Q: 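One structure is given below, represented as structure tokens, and several questions about it will come after.
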Amino acid sequence: MLAQFSKNALSHLKSKNLAIGLSIFFIGLFKKVVLADTISLHATPVFDAAEQEVALTFFEAWGGALAYTFQLYFDFSGYSDMALGIARMLGIVLPLNFFSPYKAHNIIEFWRCWHITLSRFLRDYLYFPLGGNRKGPSRRYINLLLVMAIGGLWHGAGWTFILWGILHGIYLCLNHLWIDFKKRRPNTLNNPEKSLLKTWGARILTFICIVIAWVLFRCESIAGVTQFYTAMFGGNGISLAPELAYEANGILTHLGFRFDGMFIDGAFGDPKQGGWLILISLLLVWFAPNTVELFRHEKPALGLTEFDVKGHARLVWKTSWIWLVATTLIATIALMLIQKHSEFLYFQF
């Protein structure tokens, strides 16, 4: 990084850097104001209701948790892209800070791809000085729990943040235990060949664990967390919005489910619209190339050698009229939908 600033400032100002930087910036802005801010309309009311100790239903809780999961993803991903874009306009290449973390197949991989600069800081300045894994398995697990708890506290001085960090510490410990267990088992458990079922099973399990943990990160109080987890794990029963229940042709009714959810009168927004937004978001984060992959031929960030940057063979940014039109369209939509009071979720961190 420092070597880049030692050069004459005018040497950074190039037309291609400006084109690349603007393109990355507007992609990030689109993620923020179009995707993150839109899906937040289906997350915020549910969490607000939980804080008011309203008894949520199963689908409301999971819908709100998933909506926030994607809101935070596109918000932070958009912020990271915008930072890369602004720096690139000035000819500066920043370190990579975000690389498709929801595609991770385990929690270890997730933390290598989410808030990468913070993860490296915690590793290099906390985990390693504490001894890392050099003092035996037991000490490694204690170090992981301690480092993640401090990482949670870094995000905010509250029990929900600390518990969020501890939960991720437990996830990491279980992940390492599983890896150690496989090493001691027959080859059937340690088969290097990954089947489609194993790959997607690992990804889905990891994603569900992440969603559950984000509830702690988002809730403002232990009471809100309690309301959310009670509903998510079936403590309030399983119910659907009436209009969705009717479309199920009575099948679920015969199974004994009730249909008195709080989606009545649009309390948490249109459940169909929220469902489609969640589905579209899931498809984007799992199957669409990320920004780094789109700009992989233009050195969009530092530290790319640590990641498997592939992307689609033909879907890659280049100076052409097609990309100019696409970027202009993205920029126009984003600028039209930008809100006056639209803050980044990570601005306080």
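None of the values given here were measured: they were computed from a predicted structure.
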Q: Might you point out which heavy atoms bring Asp81 and Gly28 nearest each other, and give the distance in Å?
A: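 It is CB-CA, 3.6 Å.
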
Q: Tell me, please, which residues at least two apart from Phe98 pass ring pair (Phe, Tyr, Trp, His ring centres under 6.0 Å).
A: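 With neighbours one apart ignored, the set is Tyr73, Phe76, Trp114.
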
Q: Ser221 and Glu51: side-chain donor and acceptor closer than 3.5 Å?
A: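 Yes, Glu51 and Ser221 have a side-chain donor paired with an acceptor closer than 3.5 Å.
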
Q: Determine the minimum heavy-atom distance between Leu324 and Thr328, stating which atoms define it.
A: O-OG1, 2.7 Å

Q: Taking the side chain as C-beta and beyond, is there a heavy-atom pair between Ile212 and Phe233 under 4.5 Å?
A: yes

Q: Should Thr160 and Glu220 count as side-chain neighbours, where that means a heavy-atom distance under 4.5 Å?
A: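 The answer is no; the side chains never approach within 4.5 Å.
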
Q: Looking at every heavy atom in both Lys103 and Ala288, which two are closest together, and how far apart are they?
A: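 Smallest interatomic distance, heavy atoms only, reads NZ-O, 3.1 Å.
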
Q: Would you sort out whether His168 and Trp111 count as a side-chain contact (heavy atoms from CB on, under 4.5 Å), showing the intermediate values?
A: CA-CA 9 Å; His168 268 281; Trp111 276 106; 3.0 Å; yes

Q: Would you say that Leu84 contacts Thr291 through its side chain, given a criterion of any heavy-atom pair below 4.5 Å between the two side chains?
A: no

Q: Is there a ring pair (Phe, Tyr, Trp, His ring centres under 6.0 Å) between Phe181 and Trp178? Walk through the geometry before answering.
A: CA-CA 5 Å; Phe181 175 75; Trp178 175 246; 5.6 Å; yes

Q: Is Val309 isolated, or which residues cluster with it under the ILVMFWY side-chain rule of less than 4.5 Å, directly or via members?
A: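 So far as hydrophobic clustering goes, Val309 is joined with Leu96, Phe99, Ile116, Val292, Leu304, Phe307.
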
Q: Counting distance only, does the side-chain N/O of Glu109 pair as donor-acceptor with the main-chain N or O of His105 below 3.5 Å?
A: yes

Q: Tell me the closest heavy-atom pair linking Pro300 and Arg88, and the distance in Å.
A: CA-NH1, 3.9 Å

Q: Please tell me whether Trp323 and Ser23 have a donor and an acceptor in their side chains that are separated by less than 3.5 angstrom.
A: no

Q: Search all heavy atoms of Leu56 against all heavy atoms of Ala50 and return the closest pair with its distance.
A: CD1-CB, 4.0 Å

Q: Please walk me through it: do Leu145 and Cys173 pass side-chain contact (heavy atoms from CB on, under 4.5 Å)?
A: CA-CA 8 Å; Leu145 287 170; Cys173 290; 4.1 Å; yes

Q: Take Phe207 and Leu66 through the test side-chain contact (heavy atoms from CB on, under 4.5 Å) and record every step on the way to the result.
A: CA-CA 10 Å; Phe207 180 73; Leu66 285 166; 3.8 Å; yes

Q: So which heavy atom on Ala213 is nearest to which on Trp164, and how close?
A: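 For Ala213 and Trp164, the tightest heavy-atom pair comes out as O-CD1, 3.1 Å.
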
Q: Using the six-membered ring wherever Trp is involved, compare the ring planes of Tyr102 and Phe110 and label them parallel, tilted or perpendicular (cut-offs 30° and 60°).
A: parallel

Q: Hey, does Asn133 have a side-chain heavy atom less than 4.5 Å from the side chain of Asn143?
A: no

Q: Determine whether Leu284 and Phe74 satisfy the following criterion, side-chain contact (heavy atoms from CB on, under 4.5 Å), listing intermediate values before the conclusion.
A: CA-CA 10 Å; Leu284 285 174; Phe74 290 121; 4.2 Å; yes

Q: Should side-chain heavy atoms under 4.5 Å link Ile, Leu, Val, Met, Phe, Trp and Tyr, which residues sit in the same cluster as Met336?
A: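 Listed partners: none, Met336 stands alone.
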
